[in-house]
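Worth saying up front: this structure is predicted, and the values here are computed from it rather than measured.
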Amino acid sequence: MLNNLARRAAGQARRQAIMVKTMTQAGIVRPYRPDHLAAATKSLVDWGMGFAGGIRAQAALNPDGVALIDERGSLTWSEIDERSTRLANALADRGVLERDGVAVLCRNHRYFLEVSTALSKLGADILYLNTAFAAPQLGEVCEREKPVAIVYDEEFEGLIDASGIQGPRYLGWADGEVERESAEDLIAAGHVRVPKPPEHFSRPVILTSGTTGTPKGAPRSEAGMDAAVALLSKLDFKAGDIVHIAAPVFHTWGWAHLNLAMLLGGTVVLRNRFDPADCLAALEEHRCTGLVVVPVMLQRILALPAEQRSGDYRSLRTVAASGSALPGDLATEWMDTFGDNLYNTYGSTEVAWATIARPQDMRAAPGTAGLAPPNTVIKIVDDQGKEVPRGESGRIFVGNSMLFDGYTGGGNNEVIDGLMSTGDVGRMDTAGRLFVEGRDDEMIVSGGENLFPKEVEDCIARHDLVHDVAAIGVDDAEFGKRLRAFVVLVDSDGDQDHATATLKSWVKDNLARFKVPRDFIYIEELPRNATGKVLKRVLAEWDE
């Protein structure tokens with residue numbers, strides 16, 4: 001028993017040492033005015049590590065610092081603190097109570113942060129809805145989660161009507177005069193007296209992507225230091241950075257970086273919608289040091305004509321990507337164009353981040369998902385749950401302090417010895433770098449051979465004819481299953497018969513013959529959700 005206690009104490013000491021070192025290197029641990037530091041510490045104790053505690057702490061430490069820039073201008077930390085307090089009081093006056101759930105259907109802008117902070121100050125739970133969901137999905141999710149109210153952008157009025165969502169409605173972003181009460185109206189109506197800190201810290205519920213069915217609710221604890229240290233140990237973010245969060249903030253990746261900004265005390269740049277040229281313009285205008293994206297955004301930026309990519313981006317130090325795999329040679333192409341500033345994070349809504357690939361990792365081992373950050377364990381296991389040797393493929397299991405506790409509708413991911421399944425298959429090389437080979441439920445058996453579409457997708461994506469590609473398994477009378485590739489050509493008017501012959505030959509020259517797709521279907525654009533994941537269930541319904 002004494003030996004176990006000693007080992008636990010030593011492990012805790014190591015974790016504390018890593019935390020202090022990482023936070024010092026990031027500039028979080030630095031001298032502050034004693035009264036400011038005392039006020040910030042009290043805020044975190046009273047309000048927790050979520051939006052309420054983070055915003056109030058930064059308002060104490062850096063009240064006049066610019067916290068957020070969007071299409072309507074800038075807001076300081078103290079302004080967001082006051083506006084969210086007014087909003088919280090107005091929502092409380094309209095019946096929102098501690099532990100109530102409130103749905104938020106908003107894009108990347110100030111009201112997303114202010115509404116989240118207001119609900120955090122009330123101790124209300126927050127259901128983040130995906131802006132790309134159809135009305136039936138929204139209706140099913142809200143029927144299951146039962147929010148007492150919803151805050152949504154004006155553009156989604158018709159969608160909300162069609163979804164059948166019940167309860168009070170408030171507008172987030174609205175253009176021009178509106179009849180419905182908006183977040184700005186609530187801010188104007190609310191008083192500035194800070195609410196009493198709630199006993200219940202706000203619980204954010206982030207939805208899975210819904211690529212294979214009805215989205216599941218994955219509740220998360222408020223962002224903690226372990227989560228921040230995991231990211232900061234590998235990503236080159238520093239205190240005072242100016243970061244353009246282009247990734248959707250309703251999803252884990254964008255949401256995490258809003259939380260990280262509250263710890264670093266920098267400036268967040270947000271835009272309602274992603275446009276590749278506008279993204280580059282924002283980077284240049286605000287001299288951004290960081291960019292947070294999903295991989296398809298990198299593809300769209302690289303697809304711009306060279307003259308539209310010729311701005312001054314020397315301030316850009318960190319491009320953090322996550323949400324889906326980097327296809328083909330995307331990482332190398334980005335770094336060859338914009339410099340070695342790309343960091344790729346692998347994880348899921350359920351396990352948060354599992355590995356992070358730095359530029360040197362992707363240069364040394366193209367296609368890698370990187371190494372595990374501190375306090376994270378990665379194991380590759382076989383179908384019996386036994387760990388496989390390095391280099392062999394198996395199911396990916398992750399252990400860290402950020403695992404979720406189960407879906408709101410019931411159920412959980414498989415857990416083995418405290419490690420949770422990501423639902424993916426992969427392998428680790430001798431250096432401990434992870435390579436993700438595909439979803440375990442996407443593996444197909446064709447003529448007795450196992451294959452994963454991702455390997456074939458990466459191969460096809462590397463050909464100069466191809467702009468985008470996805471592959472799925474379809475039924476085959478002779479082989480059981482066969483691969484079908486959906487391809488977006490660089491030249492949409494190109495000869496498709498020539499493209500098919502060329503791409504089949506390309507795959508045969510680079511992979512085993514049984515991995516050559518039988519069918520090539522050419523489309524203008526792959527169906528994707530708001531986080532950039534290909535909706536393969538839509539492709540599976542393709543009418544031949």
Side-chain angles (χ1 to χ4, degrees), residues 68-73 75 83-84 87 90-91 102-119 126-143 145 147-188 205-207 209-210 215 244-251 253-255 258 268-279 281-282 292-294 296-297 300 323 525 527-533 535 538:
L68 180 147
I69 301 171
D70 64 8
E71 289 94 334
R72 292 192 173 163
L75 292 169
R83 284 166 58 87
S84 61
L87 182 53
L91 288 171
V102 176
V104 176
L105 181 61
C106 293
R107 295 192 184 274
N108 291 22
H109 50 67
R110 62 184 57 197
Y111 300 115
F112 183 99
L113 178 57
E114 290 175 333
V115 169
S116 297
T117 306
L119 294 172
I126 312 168
L127 172 64
Y128 291 117
L129 297 175
N130 189 318
T131 59
F133 283 168
Q137 287 180 302
L138 291 176
E140 289 174 22
V141 167
C142 288
E143 177 64 26
E145 305 294 337
V148 302
I150 182 169
V151 182
Y152 61 97
D153 291 346
E154 181 186 19
E155 65 176 288
F156 301 120
E157 182 85 44
L159 192 66
I160 299 297
D161 288 341
S163 71
I165 295 174
Q166 302 298 310
R169 303 182 188 180
Y170 306 101
L171 291 179
W173 188 279
D175 294 310
E177 295 294 327
V178 294
E179 295 182 4
R180 193 179 298 280
E181 201 167 27
S182 70
E184 202 62 59
D185 294 330
L186 296 174
I187 290 168
V205 177
I206 295 175
L207 298 174
S209 57
H244 180 15
I245 304 179
V249 289
F250 63 75
H251 204 261
W253 188 232
W255 180 84
L258 276 184
V268 168
V269 178
L270 299 177
R271 291 290 183 268
N272 256 288
R273 294 176 179 272
F274 174 78
D275 174 83
D278 178 64
C279 176
V292 179
V293 294
V294 295
V296 70
M297 294 174 174
R300 292 184 63 189
E525 185 178 16
R528 295 181 181 271
N529 65 14
T531 58
K533 290 184 178 179
L535 298 173
V538 175

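Under the ring-ring contact (aromatic ring centres under 6.0 Å, His included) criterion, Tyr170 pairs with no residue at all, not counting sequence neighbours. Listed by chain and number, the residues in a ring-ring contact (aromatic ring centres under 6.0 Å, His included) with Tyr152 amount to none (sequence neighbours excluded).
In this structure, CD on Glu155 lies 11.0 Å from CH2 on Trp173, to the nearest 0.5 angstrom. Rounding to the nearest 0.5 Å places CZ of Phe250 at 4.0 Å from OG1 of Thr131. Put simply, CG on Asn130 and CG on Leu138 are 8.0 Å apart, with the number rounded to the nearest 0.5 Å. Rounded to the nearest 0.5 Å, atoms OH (Tyr111) and CG (Leu186) are 10.5 Å apart. Separation of atoms CG (Leu68) and CZ (Phe112) is listed at 11.5 Å; rounding is to 0.5 Å. Between Leu207 atom CG and Gln137 atom CD the span is 9.5 Å, to the nearest 0.5 Å.
Between the Ser163 side chain and the Ile160 main chain, a donor and an acceptor come within less than 3.5 Å of each other. No donor-acceptor pair under 3.5 Å is formed between the side chain of His109 and the backbone N or O of Asn272. In this structure, Asp153 contributes its side chain and Cys106 its backbone to no donor-acceptor pair below 3.5 Å. Here the side chain of Gln166 pairs a donor or acceptor atom with the backbone of Gly164 at under 3.5 angstrom. Distance alone, capped at 3.5 Å, is enough to place a donor-acceptor pair between the Asp275 side chain and the Ala277 backbone.
Using a 4.0 Å cut-off between charged nitrogen and carboxylate oxygen, Glu157 and Arg180 count as a salt-bridge pair. Comment: Arg83 engages Glu184 in a salt bridge, judged by a side-chain N to carboxylate O separation of less than 4.0 angstrom. The pair Arg110-Asp70 meets the salt-bridge criterion, since a charged nitrogen lies less than 4.0 angstrom from a carboxylate oxygen. Remark: Glu181 does not engage Arg169 in a salt bridge, criterion side-chain N to carboxylate O under 4.0 Å.
The two residues Ala247 and Asn108 have their closest heavy-atom pair at O-ND2, 2.9 Å. The heavy-atom pair separating Ala246 from Phe274 by the smallest distance is CB-CD1, 4.0 Å. Across all their heavy atoms, His244 and Cys279 have their closest contact at CD2-SG, 3.8 Å. Ile187 approaches Glu114 most closely through the heavy-atom pair CD1-OE1, 3.7 Å. For the pair Ile165 and Cys142, the tightest heavy-atom approach, listed with the atom from each and the gap, is CD1-SG, 3.5 Å. Taking both residues in full, the closest heavy atoms of Gly172 and Ala183 are given as CA-CB, 4.4 Å, listed atom of the first, atom of the second, then distance.
Using a 4.5 Å heavy-atom cutoff, the side chains of Arg271 and Glu71 are in contact. By the 4.5 Å heavy-atom criterion applied to side chains, Ile245 and Val269 are not counted as neighbours. Under the 4.5 Å side-chain criterion, counting only non-hydrogen atoms from C-beta, Phe156 is in contact with Leu105. Counting only heavy atoms from C-beta outward, the side chains of Val268 and Ile69 never approach each other to under 4.5 Å. For the pair Leu171/Val151, no side-chain contact is recorded, criterion being any heavy-atom separation below 4.5 Å from C-beta on. Here the side chains of Ile150 and Leu129 are in contact, with some heavy-atom distance below 4.5 Å. Proximity of Leu127 to Val104: side-chain heavy atoms (C-beta onward) are nowhere separated by under 4.5 Å. Within the 4.5 Å cutoff, side-chain heavy atoms of Glu154 are placed close to those of Asp175.
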Give the intermediate values and the outcome of side chain to side chain contact (heavy atoms under 4.5 Å, CB included) for residues Arg107 and Arg273.
-> CA-CA 7 Å; Arg107 295 192 184 274; Arg273 294 176 179 272; 3.3 Å; yes

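With no hydrogens or angles considered, a side-chain donor-acceptor pair links Tyr128 and Ser116 at under 3.5 Å.
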